[in-house]
Amino acid sequence: MKTSATLLLAMTALVAAEPMSVLRQKKLDLWSAQNEAGVFDINRYAAQAATSCVNGKAGEYQCKNVDLVSFLRHQDMGSSTRRGNDVWGWTHAASGREFGAVGQTDGTAFVEIKADGSLVYLGRLPTQTTSSSWRDMKVIGNHVYIGAESSNHGLQVFDLTKLLTITTPRTFSITSDLKARFTGFGNSHNIVAHEEKNMIYAVGTGTAAGCRGGLFMVNVTNPAAPTSAGCLSAGGYVHDAQCVVYKGPDTRYTNKEICFNFNEDTLDIVDVTNKRSPVTLSSTGYTGASYTHQGWLADAGMRYLLLDDELDEQNKKGPAANQKTTTYIVDISSLTAPKFTGTYQSPATAIDHNQYVHNGLSYQANYGSGLRIVDVRSVTTDPTGKSFKEVGFFDCYPEDDSVGGRAEFTGTWSVYPYFKSGHILLNSIERGIFVLKYTGA
């Protein structure tokens, strides 16, 4: 939450947001109840064969224009807790082979996605210390950088080229198989990667890191020897961010390194070009703010941004009072004076979690309603969101279908839509990793 110095910048947030401690406990309580009910038991879920989406169904899953190509359960990927979280992808540049890093509470599983979309389990890297419901990973070059809420976990740096010659699944060593382990922070909530600048930003770090949960900056130009580059603590806790070399309409900041921070109750825009002296350009709240969670630039021109709030649906606040998944649209043509211009609502009842925009489509991982694919290309001509259109979906959590969905922290965690093959990775909390294929225009 904000310090007194930054509260004035957030006065447009007309609804009080919750702190991370409240959100965390809500989730832990639900997942504990699920565990008691046997939701994560071994063999709870059956293996799934490739199934095309026909007449709105792919096997037991509701769908539209999205086929189920392949699937592996968490237990099939070596997890003893059988619970998933984040996911990211890596393409080996020389061969074009595609791989996934699949987050689980007790470590990270590695899979290869073959040309036909089938999945091959290659092995896993255990958690550095203890299990945690929150594990996050991003890729820069040939290395994956992994953080977790686990105490003293630090940042695991793993060389993904180790996967190229695997013939039998193996468990990698958390000492000898790591390229490096950065211990400038212990626990973290999310890992943000700025590939162009070889920068990792750990957010939501613990008090011992001395950054108040803000942007903890790590230079990974040499993956074998990451170094602390700076810290942004002025805005308080950052939950997630997207960092870019700015090429948008606000020419005052052309070619500057800009981070769009999702700060629990505001969108904060920060110039991080000088890592030792980052500058907050704006801090903007919005009607309905309950927990500002994540977002992504909506267009190549960097004029608009999409933002998701993780508690507005459950708390029935602002535009999300009807509990339909709500995406906020922000005009960021002035980095010092962003304007919220509209919202898009999914036809489904669910909480939003993570979204990534690729070629004009927003791939949204929306908990109980699964993957939702939204055409957002109209944002440059109609920033109200009224022209946005859902063009596909795959609902990986059929348990709430009979009641039309629920605003709960169940189902999917995240999505990776950037493979050249068009294969999409979707990681489910309960079930496992799905390979999907969008079949629409």
Side-chain angles (χ1 to χ4, degrees), residues 1 10-20 22-27 29-30 239-240 260-268 283-296 298 304-332 338-357 362-376 378-379 382-390 393 395 397 400-401 403-415 429:
M1 304 295 284
M11 288 185 66
T12 52
L14 303 181
V15 179
E18 304 280 11
M20 181 59 192
V22 171
L23 178 61
R24 180 186 290 112
Q25 196 58 51
K26 284 175 180 280
K27 294 181 178 183
D29 289 346
L30 173 64
H239 186 273
D240 210 336
F260 301 92
N261 296 347
F262 305 94
N263 278 33
E264 297 195 302
D265 55 1
T266 58
L267 166 66
D268 285 17
S283 184
T284 309
Y286 54 97
T287 301
S290 299
Y291 195 85
T292 310
H293 179 263
Q294 190 260 359
W296 211 252
Y304 295 97
L305 177 141
L306 306 179
L307 178 149
D308 49 74
D309 188 300
E310 198 175 5
L311 278 177
D312 56 347
E313 292 91 4
Q314 188 172 82
N315 291 352
K316 299 182 179 180
K317 297 296 185 181
N322 60 3
Q323 297 197 309
K324 302 297 183 184
T325 311
T326 301
T327 301
Y328 297 82
I329 304 161
V330 193
D331 182 340
I332 53 170
K339 297 177 182 178
F340 282 73
T341 59
T343 58
Y344 162 77
Q345 284 206 320
S346 167
T349 297
I351 297 172
D352 39 19
H353 199 218
N354 292 301
Q355 64 177 315
Y356 301 99
V357 178
S362 177
Y363 294 80
Q364 302 185 343
N366 290 346
Y367 279 113
S369 69
L371 170 66
R372 298 279 157 168
I373 304 175
V374 183
D375 187 339
V376 300
S378 62
V379 69
D382 179 14
T384 66
K386 292 179 180 178
S387 300
F388 285 14
K389 180 182 179 182
E390 182 176 270
F393 71 85
D395 184 346
Y397 189 74
D400 64 4
D401 289 353
V403 296
R406 293 189 180 97
E408 294 286 357
F409 305 108
T410 54
T412 186
W413 188 283
S414 198
V415 59
I429 299 170

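The figures here come from the full heavy-atom set of this structure, side chains too, leaving out hydrogens, waters and symmetry mates. Not measured: the values here are computed from a predicted model.
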Search all heavy atoms of Asp395 against all heavy atoms of Gly368 and return the closest pair with its distance.
-> OD1-O, 2.9 Å

Check for a donor-acceptor pair, side chain of Arg372 on one end and backbone N or O of Ser369 on the other, with a separation under 3.5 Å.
-> yes

Is any side-chain heavy atom of Asp382 closer than 4.5 Å to a side-chain heavy atom of Phe388?
-> no

Ignoring hydrogens and angles, tell me if any N or O in the side chain of Glu264 forms a donor-acceptor pair with the backbone of Pro19 under 3.5 Å.
-> no

How far does CD of Gln345 sit from CD of Gln323, to the nearest 0.5 angstrom?
-> 11.0 Å

Over all heavy atoms of both residues, which pair between Ser290 and Asp309 is shortest? Give the atoms and the distance, please.
-> N-OD2, 2.8 Å

Just how far is it from atom CG of Leu30 to atom CD1 of Ile429, taken to the nearest 0.5 Å?
-> 8.0 Å

Mind running side chain to side chain contact (heavy atoms under 4.5 Å, CB included) on Tyr291 and Lys317 for me, showing each step along the way?
-> CA-CA 11 Å; Tyr291 195 85; Lys317 297 296 185 181; over 6 Å; no

Thinking salt bridges, do Glu310 and Lys27 make one under a 4.0 Å N-O criterion?
-> yes

Which of Asn322, Asp352, Asn366 passes side chain to side chain contact (heavy atoms under 4.5 Å, CB included) with Glu313? It is Asp352

Given Thr349 and Lys324, is the side chain to side chain contact (heavy atoms under 4.5 Å, CB included) satisfied, shown in steps?
-> CA-CA 4 Å; Thr349 297; Lys324 302 297 183 184; 3.4 Å; yes

Mind running side-chain hydrogen bond (donor to acceptor under 3.5 Å, both in side chains) on Thr325 and Gln364 for me, showing each step along the way?
-> CA-CA 10 Å; Thr325 311; Gln364 302 185 343; over 6 Å; no

To the nearest 0.5 angstrom, please state how far the CG atom of Leu311 sits from the CD1 atom of Ile351.
-> 7.0 Å

Measure the CD-NZ distance between Glu18 and Lys26 for me, rounded to the nearest 0.5 Å.
-> 6.0 Å

Under 30°, 30 to 60°, or over 60°: which ring-plane class applies to Phe340 and Tyr328, parallel, tilted or perpendicular?
-> perpendicular

Would a 4.5 Å heavy-atom cut-off, applied to side chains only, mark Phe409 and Leu23 as touching?
-> yes

Take the angle between the ring planes of Tyr367 and Trp413 and call it parallel below 30°, perpendicular above 60°, tilted in between.
-> perpendicular

Tell me, with the steps shown, if Gln355 and Val415 meet side chain to side chain contact (heavy atoms under 4.5 Å, CB included).
-> CA-CA 7 Å; Gln355 64 177 315; Val415 59; over 6 Å; no

May I have the step-by-step check of side chain to side chain contact (heavy atoms under 4.5 Å, CB included) for Val374 and Thr327, ending in yes or no?
-> CA-CA 10 Å; Val374 183; Thr327 301; over 6 Å; no

Trp296 versus Val376: any side-chain heavy-atom pair under 4.5 Å?
-> no

Tell me, with the steps shown, if Ser283 and Asp268 meet side-chain hydrogen bond (donor to acceptor under 3.5 Å, both in side chains).
-> CA-CA 4 Å; Ser283 184; Asp268 285 17; 2.7 Å; yes

With ring centroids as reference points, do Phe262 and His239 lie under 6.0 angstrom apart?
-> no

Distance, nearest 0.5 Å, that separates CG of Asp331 from NZ of Lys339 = 7.0 Å

Find the distance between OH (Tyr286) and CD1 (Ile329) and round it off to the nearest 0.5 Å.
-> 13.5 Å

His353 side chain to Ala365 main-chain N or O, any donor-acceptor pair under 3.5 Å?
-> no

Regarding Asp265 and Thr292, is there a side-chain donor-to-acceptor distance under 3.5 Å anywhere?
-> no

